[in-house]
Amino acid sequence: MLSKFFPHIKEKPLSERVKSRDAFIYLDRVMWSFGWTVPENKRWDLHYKLWSTFVTLLIFILLPISVSVEYIQRFKTFSAGEFLSSIQIGVNMYGSSFKSYLTMMGYKKRQEAKMSLDELDKRCVCDEERTIVHRHVALGNFCYIFYHIAYTSFLISNFLSFIMKRIHAWRMYFPYVDPEKQFYISSIAEVILMGWAVFMDLCTDVCPLISMVIARCHITLLKQRLRNLRSEPGRTEDEYLKELADCVRDHRLILDYVDALRSVFSGTIFVQFLLIGIVLGLSMINIMFFSTLSTGVAVVLFMSCVSMQTFPFCYLCNMIMDDCQEMADSLFQSDWTSADRRYKSTLVYFLHNLQQPIILTAGGVFPISMQTNLNMVKLAFTVVTIVKQFNLAEKFQ
C-alpha cells in the first residue's frame, strides 16, 4: 500500500539502475526544503540562501525562545500536565536545534561520503550484488517513511488531545496574540511551527541511520568477495592478487565513507545521548502522575520517537563492529595457503587492517553502542526515582 505513494521504498528490479545514494532520496528532498543543501540551478542561489537563513532563525533560535518566554510570562497558569508536556518538548527542542545545525553544516561531508558510495557501486556488476544494493536502498528509503509516519503520529495526536480540551499543546509565545481570545489562531501557529521543528529533528535522526544501513550493505558485499577469493580455478597469480587488491580498495573506500560522516554524527548523537535520559524521565513522570488517556497516548508516542533517535543507530553500530570481525574471519578462511609470497604478504597487511573495528564515538567521549545507549536511558529511571522519593508529583498537583 505505502509503495503506491512512496515508490522508492519498494525494491527495484535489476532492469533499473539503482545507486547507493538513492537511499537518501526522500531525506534529501526534505533537507532541500529546509535549505540544508544547495540549489541545482545556481541562478536561485541567493534566494535559497535567504530561505535557509529565514528557516534557521525561525526554528533554531526564535522557536526555542518563544517556548522559554511563555514559561517566564505565564508560568503560574500552567497545570502540571501542561508544564511537563511542554518542557519535555522544550528540552528536546533545544537539543534538536543543535543537532539540526550540525547536520546542516555537515552537507559537504555527506557529499564526500556519497562520492565514496559511487566508487563502491562500480564494483557491483553481478546480479547478486546489485540485488543486495537494491534491497538496502529500498530499506533506507523505508526507514525515512517509517520515521516520518511515527513523528507525524505524535504531532497530530498531541495536538488533537489538547485542542479537544481547549488547551494549548505546546504553549508558545506569539507577540500581539492573546492565547485565550485567539485560541485557534495561536494553536494553528503552534502546530505549524512545531511541525517544522519535528521534521527537522526527523532529518537529523534518520540521516545517521540510513548512512549506516548503506555502510553495512557494502560491508556485506565485501564479506562475500573475501569468502570467494581464489575460488575460481584456472586463474593466474597476478589475477588473484588483483582480486585481493580490489578488496583492499573496497575496504579503504568504506573507511573513507565512514570517516567523512564521523564528525557529523559524533556531535548529533552526543547531544541526543545527553538529552535522552532527561526527556524520557520527564515523559515517564507525566504518564505516571498527570496524564489522561488521550494525553497519555501522545506521550507514549513521544517516548517511542525519542527512543528511535538512538536505539536503531546504536544497534547498527554494534552490528558493524561484529561485521568487521567477520570480514577478518572471511579473509583468513579463504584459500590462501597455496598462494605466492606477494599474495600472502598483502593478505597479512590487509588482515591486520580488517581486525581494527569501525567504531563511532559520540563527541569523542564514549563509543556509540547499545551499552552506551542503555546507560543513558537508565538516567530516566533515576529522574523518576527522585520525584517519587521527594513526593514532588504530589506537590505539583
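Because the structure is predicted, anything quoted here is derived from the model rather than measured. Atom set for the values below is all heavy atoms of this structure, side chains included, hydrogens, waters and symmetry mates excluded.
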**Message:** Consider salt bridge (charged side-chain N to carboxylate O under 4.0 Å, His left out). Of Arg249, Arg252, Arg21, which one does Glu119 pass it with?
**Reply:** Arg249

Distance from [X] atom [atom1] to [Y] atom [atom2], nearest 0.5 Å?
| X | Y | atom1 | atom2 | answer |
| --- | --- | --- | --- | --- |
| Ser52 | Phe34 | OG | CZ | 11.5 Å |
| Leu351 | Leu226 | CG | CG | 10.0 Å |
| Met370 | Cys314 | CE | SG | 7.0 Å |

**Asked** Quick one: are the ring centres of Phe54 and Trp51 less than 6.0 Å apart?
**Response** yes

**Prompt:** Can the ring centroids of His148 and Phe199 be said to lie less than 6.0 angstrom from one another?
**Reply:** yes

Between [X] and [Y], what is the shortest heavy-atom contact and its length?
| X | Y | answer |
| --- | --- | --- |
| Leu244 | Leu229 | CD1-CD1, 3.8 Å |
| Ser307 | Pro312 | O-CD, 4.0 Å |
| Arg342 | Asp238 | NH2-OD1, 2.6 Å |
| Leu222 | Cys247 | CD1-O, 3.8 Å |
| Asn373 | Phe273 | OD1-CE2, 3.7 Å |
| Ser334 | Leu331 | OG-O, 2.6 Å |

Using only heavy-atom distances, determine whether the side chains of [X] and [Y] contain a donor-acceptor pair under 3.5 Å.
| X | Y | value |
| --- | --- | --- |
| Tyr101 | Thr56 | no |
| Asp121 | Ser20 | yes |
| Gln325 | Asp329 | yes |
| Ser100 | Thr103 | no |
| Asn375 | Gln371 | yes |
| Asp205 | Tyr151 | yes |

For [X], is the [atom1] atom crowded, meaning more than 12 foreign heavy atoms sit under 6.0 Å from it?
| X | atom1 | result |
| --- | --- | --- |
| Met105 | CE | yes |
| Glu40 | CD | no |
| Phe98 | CZ | no |
| Phe366 | CZ | yes |
| Lys344 | NZ | yes |

Could you tell me whether the side chain of [X] and the main chain of [Y] form a donor-acceptor pair under 3.5 Å?
| X | Y | answer |
| --- | --- | --- |
| Ser266 | Ser263 | no |
| Asp246 | Glu243 | no |
| Arg227 | Gln333 | no |
| Thr236 | Glu239 | yes |

**Fill in**
Paired with Glu129, the side chain to side chain donor-acceptor pair (under 3.5 Å) test is passed by just one of Arg123, Arg225, His218, His134, namely Arg225

**Request:** Decide side-chain hydrogen bond (donor to acceptor under 3.5 Å, both in side chains) for Ser68 and Tyr173; before the verdict, give the C-alpha distance in whole Å, the side-chain angles of both, and the deciding distance to 0.1 Å.
**Result:** CA-CA 8 Å; Ser68 301; Tyr173 171 75; over 6 Å; no

**Request:** Find out whether the Lys NZ or Arg CZ of Arg230 is both under 6.0 angstrom from the six-membered ring centre of Tyr343 and within 45° of the ring's axis.
**Result:** yes

**Request:** Dump the intermediate steps for side-chain hydrogen bond (donor to acceptor under 3.5 Å, both in side chains) on Tyr315 and Ser369, then the final yes or no.
**Result:** CA-CA 7 Å; Tyr315 181 70; Ser369 64; over 6 Å; no

**Message:** Let's go through Ile269 and Leu360 carefully: what are the C-alpha distance in whole Å and the side-chain angles of both, what is the deciding distance for side chain to side chain contact (heavy atoms under 4.5 Å, CB included) to 0.1 Å, and is it a yes or a no?
**Reply:** CA-CA 10 Å; Ile269 300 301; Leu360 297 176; over 6 Å; no

